[in-house]
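I have placed the structure first, in the form of structure tokens, so that the comments after it can refer back to it.
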Amino acid sequence: MRLKQAVRQATGLSCSIGVAPNKLLSKICSGLEKPDGLTVLDPVEIPSRIWPLPVRKINGIGPKATDTLAAMGIITIAGLARAEPILLKTHFGLSYAEWMLRAANGVDERPVITRADPKSISRETTFERDLHPRHDRAVLSGVFTALCSRVAQDLMRKGYYCRTVGIKLRYDDFRTLTRDRTLPVPTADPAVIRRAAGECLRHVPLERKLRLLGVRTSTLTSSAAPDTADQSGQRELALGTTGTGANRREAARGN
DNA sequence: TCTGGGGTCCTAGGACCC
DNA sequence: TCTGGGGTCCTAGGACCC
């Protein structure tokens, strides 16, 4: 209640809170008495308060899994908790099936983490009208370069370098595809990112109109350990002589 | 309920290494 | 020289979340 008061004082907003033995149950509980709710769950109440809920309430079970479960006759969390493990496994694979069963039984051992480094940084945009790769080439090229610049700015502002650069395309029929390339050396340089993204673009069909274009960077390292151009040359050489997989593959591709 | 812009995690195949 | 097992990295796509 003090937390709710503090939020209201700081923001003027109400909030709903779930107090439970773990993150999974807290998340479910936080939604049970919206708006301005405060739900406290004792583990012994799992059968009475959690099991009657639809499976969709579990954070991690989305539209697809909900549909598949419904087709198996499983609607509630109770039904999921009782489900035959082998049956779940055939539909969802071992690890997701095991996770589902644990979740349905209120088991969740994940630690609370309040801060984590990002895994990827990206920018994307949907056009006001679908653009054709050939007829609207100039516009697309400008947008593409701008996206690369914004991603590079984001990287620099947040203090990261990326080693993998990728693109995302959505066609006018809503099909989405991605391509990515991994660089030998981490970078936050807009020109290097633009070149790598352009390379990705060459490996994609460009006959249809495009609805969306995006640029993504991943395999991030923090600013603590960037390679300067000079050092990277030496590092390349050293890797070449010791023979890591990555370096040999680069060599095989003619880099 | 749909769309948009940002993310995370998982799976799977291929290439390559020891 | 070949085969096999175990492992990593890269790439692509899908499900899911806010």
Side-chain angles (χ1 to χ4, degrees), chain A residues 13 15-16 18 23-24 26-28 30-31 34 54-70 88-100 102-103 108 110-111 113-130 143 146-148 150-151 153-155 157-158 160 162-186 196-197 199-205 210-221 239-255:
Chain A
L13 299 171
C15 65
S16 294
K23 296 206 289 185
L24 176 95
S26 296
K27 173 64 176 162
I28 294 175
S30 72
K34 277 178 180 290
V55 291
R56 188 69 171 82
K57 293 285 182 188
I58 293 175
N59 194 272
I61 296 184
K64 298 279 185 178
T66 299
D67 286 352
T68 306
L69 287 169
L88 288 177
K89 205 176 94 178
T90 58
H91 281 88
F92 297 101
L94 180 60
S95 105
Y96 195 52
E98 286 181 341
W99 170 80
M100 274 179 161
R102 285 196 305 273
D108 175 23
R110 291 171 302 161
I113 298 168
T114 53
R115 192 197 172 278
D117 283 325
K119 309 288 184 192
S120 67
I121 291 175
S122 65
R123 288 285 183 167
E124 63 186 63
T125 186
T126 299
F127 309 123
E128 289 190 21
R129 63 174 179 87
D130 299 340
V143 170
L147 286 169
C148 292
R150 291 188 68 180
V151 168
Q153 283 167 23
D154 291 343
L155 284 169
R157 183 162 36 80
K158 297 177 180 177
Y160 291 101
C162 70
R163 210 158 76 76
T164 303
V165 176
I167 60 167
K168 173 178 171 182
L169 261 61
R170 180 122 73 208
Y171 294 109
D172 56 357
D173 62 359
F174 234 84
R175 276 184 307 126
T176 305
L177 60 75
T178 63
R179 292 291 181 270
D180 59 51
R181 287 290 173 271
T182 297
L183 306 166
V185 174
E199 180 64 29
C200 293
L201 208 50
R202 276 200 281 278
H203 293 263
V204 121
L210 297 176
R211 175 186 178 86
L212 171 151
L213 187 57
V215 174
R216 194 175 97 103
T217 59
S218 55
T219 325
L220 305 181
T221 52
L239 286 172
T241 51
T242 54
T244 68
N247 205 57
R248 291 218 184 142
R249 273 192 298 282
E250 290 306 321
R253 274 195 226 113
N255 280 348

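Throughout, protein chains are lettered first and strands after them, A, B, ... in sequence-line order, and every chain is numbered starting at 1.
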Under 3.5 Å, is there a donor-acceptor pair between the side chain of A/Arg163 and the main chain of A/Leu183? yes
Are the side chain of A/Ser16 and the backbone of A/Gly31 linked by a donor-acceptor contact shorter than 3.5 Å? no
Could you work out how much the helix from B/dG5-C/dC18 to B/dC18-C/dG5 bends, comparing the axis of its first five pairs with that of its last five, to 10°? 10°
For residues 57-68 of chain A, which side-chain donor-acceptor pairs fall under 3.5 Å, sequence neighbours excluded?
| unit_1 | atom_1 | unit_2 | atom_2 | d |
| --- | --- | --- | --- | --- |
| A/Thr66 | OG1 | A/Gly62 | O | 2.6 |
| A/Thr68 | OG1 | A/Lys64 | O | 3.0 |

Between NZ of A/Lys158 and CG of A/Asp117, what distance do you get to the nearest 0.5 Å? 11.5 Å
Here the gap from A/Leu212 atom CG to A/Phe174 atom CZ, rounded to the nearest 0.5 Å, amounts to 8.5 Å
Protein-to-nucleotide contact annotation, 5' to 3' order, nucleotides 3-10 of chain B [B base; S sugar-phosphate only; - none; under 4.0 Å, heavy atom]: SSBSSBSS
Which whole-number value in Å describes the distance from A/Arg56 CZ to B/dT1 P? 10 Å
In whole angstrom, give the distance that lies between atom CD1 of A/Ile61 and atom C1' of C/dC17. 14 Å
Value in whole Å for how far the C1' atom of B/dG14 lies from CG of A/Asp180: 14 Å
Just the rounded figure in Å: distance from P of B/dA12 to CG of A/Leu94. 11 Å
A/Arg170, CZ: over 12 other non-hydrogen atoms inside 6.0 angstrom: yes
Are any non-hydrogen side-chain atoms of A/Leu213 and A/Phe127 less than 4.5 angstrom apart? yes
Side chains of A/Ile121 and A/Cys162: closer than 4.5 Å at any heavy-atom pair? no
Interatomic distance, A/Leu24 CG vs C/dC16 P [rounded to whole Å]: 15 Å
What's the closest nucleotide to the side chain of A/Pro63 if the choices are C/dG13, C/dT11, C/dC16? C/dC16
